[in-house]
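Contents: one structure, followed by commentary.
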Amino acid sequence: MTTVCLTGQHSDHDVYAAQCPCRAMLDLLANKWSALAIGALEDGPQRFGELQRHLQGVSPKVLTQTLRRLEEFGFVDRTVYPAVPLHVEYSLTELGHSAAVPLRMLRTWVEDNIDGAARAGAPAASCESETTPAR
């Protein structure tokens, strides 16, 4: 499905077209840390440390990069409060809230279907911990 480009950069939007700027947004939203950060922010504004604890396994560097890209694309607002120490909060914009809807459905679908993928033999679909001793 294609739609007319309102920016005038090209005649229409088509994520299948190699040069379409839609690809960059799709790449950002298809990233697991982006999808998880948007989901975490659905409950309201959060500070960096809160987000990092919520997104178990994300490094500070990757979370910073993810939040910067989400802000650049208009999905997240970064608010700095003048205090000592500096207080920074991240929140979803209207665009971020609209992206949260399909991403929430995708996260739910994954949780509901991971066992089916494990039964089919998907190597990364096991919920067993990596530290579980071999039998």
Side-chain angles (χ1 to χ4, degrees):
M1 179 178 125
T2 61
T3 57
V4 176
C5 177
L6 300 177
T7 65
Q9 293 177 358
H10 52 281
S11 62
D12 56 39
H13 295 301
D14 181 0
V15 293
Y16 294 100
Q19 299 303 316
C20 185
C22 296
R23 290 269 183 105
M25 183 179 285
L26 180 62
D27 180 57
L28 175 61
L29 293 175
N31 175 282
K32 74 176 174 187
W33 295 121
S34 295
L36 293 173
I38 288 172
L41 290 170
E42 280 186 278
D43 294 333
Q46 291 188 45
R47 295 176 76 167
F48 186 89
E50 294 172 293
L51 278 170
Q52 189 175 12
R53 284 187 294 279
H54 197 117
L55 279 61
Q56 297 176 14
V58 69
S59 70
K61 178 182 176 182
V62 169
L63 181 55
T64 298
Q65 291 171 339
T66 300
L67 291 169
R68 283 183 183 158
R69 285 193 69 209
L70 289 170
E71 184 181 11
E72 178 184 324
F73 274 83
F75 294 109
V76 168
D77 274 334
R78 179 179 182 267
T79 305
V80 179
Y81 296 95
V84 178
L86 214 56
H87 177 104
V88 179
E89 283 187 347
Y90 297 90
S91 60
L92 291 179
T93 62
E94 186 176 328
L95 184 64
H97 280 287
S98 70
V101 174
L103 291 173
R104 183 181 333 109
M105 292 188 319
L106 178 60
R107 289 189 310 271
T108 300
W109 184 90
V110 167
E111 290 172 346
D112 291 345
N113 289 280
I114 189 68
D115 291 335
R119 283 191 295 276
S126 173
C127 291
E128 289 184 30
S129 145
E130 291 180 13
T131 59
T132 302
R135 295 181 194 179

ask   = Could you give the distance from CZ (Arg68) to CD (Glu71), rounded to the nearest 0.5 Å?
value = 9.0 Å

ask   = How would you list, by chain and number, every residue that makes a side chain to side chain contact (heavy atoms under 4.5 Å, CB included) with Ala100, sequence neighbours excluded?
value = Ile38, Glu42, Leu92

query = Of all heavy-atom pairs between Gly57 and Trp33, which one has the smallest distance, and what is that distance?
reply = C-CH2, 3.8 Å

task = Please name the pair of heavy atoms, one in Tyr81 and one in Leu86, separated by the smallest distance, quoted to 0.1 Å.
result = O-CD1, 3.8 Å

query = Considering all heavy atoms of both residues, which atom of Leu51 and which atom of Ala37 are nearest to each other, and what is their separation?
reply = CD2-O, 4.5 Å

Shared hydrophobic cluster, Val62 / Leu70 (ILVMFWY, side-chain heavy atoms < 4.5 Å) = yes

ask   = Honestly curious: do Leu28 and Leu26 fall in one hydrophobic cluster under the side-chain, below-4.5 Å linking rule?
value = no

ask   = Can you find a pair of side-chain heavy atoms, one from Leu36 and one from His54, that are under 4.5 Å apart?
value = no

inquiry  = Measuring from atom CZ of Arg119 to atom CG of Asn113, what distance do you get when rounded to the nearest 0.5 angstrom?
reply    = 9.0 Å

query = Can you tell me how far CG of Asp14 sits from CD of Gln19, rounded to the nearest 0.5 angstrom?
reply = 12.0 Å

query = Are any of the side-chain heavy atoms of Thr66 and Val58 separated by less than 4.5 Å?
reply = no

Phe48 side, atom CZ; Leu63 side, atom CG - distance, nearest 0.5 Å = 4.0 Å

task = Measure the shortest side-chain to side-chain distance between Cys20 and Val15 over non-hydrogen atoms and say whether it is less than 4.5 angstrom.
result = no

His87 NE2 to Thr79 OG1 distance, which is reported to the nearest 0.5 Å = 9.0 Å

ask   = Does the Gln46 side chain pair with the main chain of Ala40, one donor and one acceptor, at a distance under 3.5 Å?
value = yes

remark   = Output for pair (Glu50 CD, Glu89 CD), nearest 0.5 Å, gives 7.5 Å

Arg23: partners by side chain to side chain contact (heavy atoms under 4.5 Å, CB included), with sequence neighbours left out = none

query = For the residue pair Leu29 and Ala99, what are the closest heavy atoms and their distance?
reply = CD2-CB, 4.4 Å

ask   = Is the shortest heavy-atom distance from the side chain of Met25 to the side chain of Phe75 under 4.5 Å?
value = yes

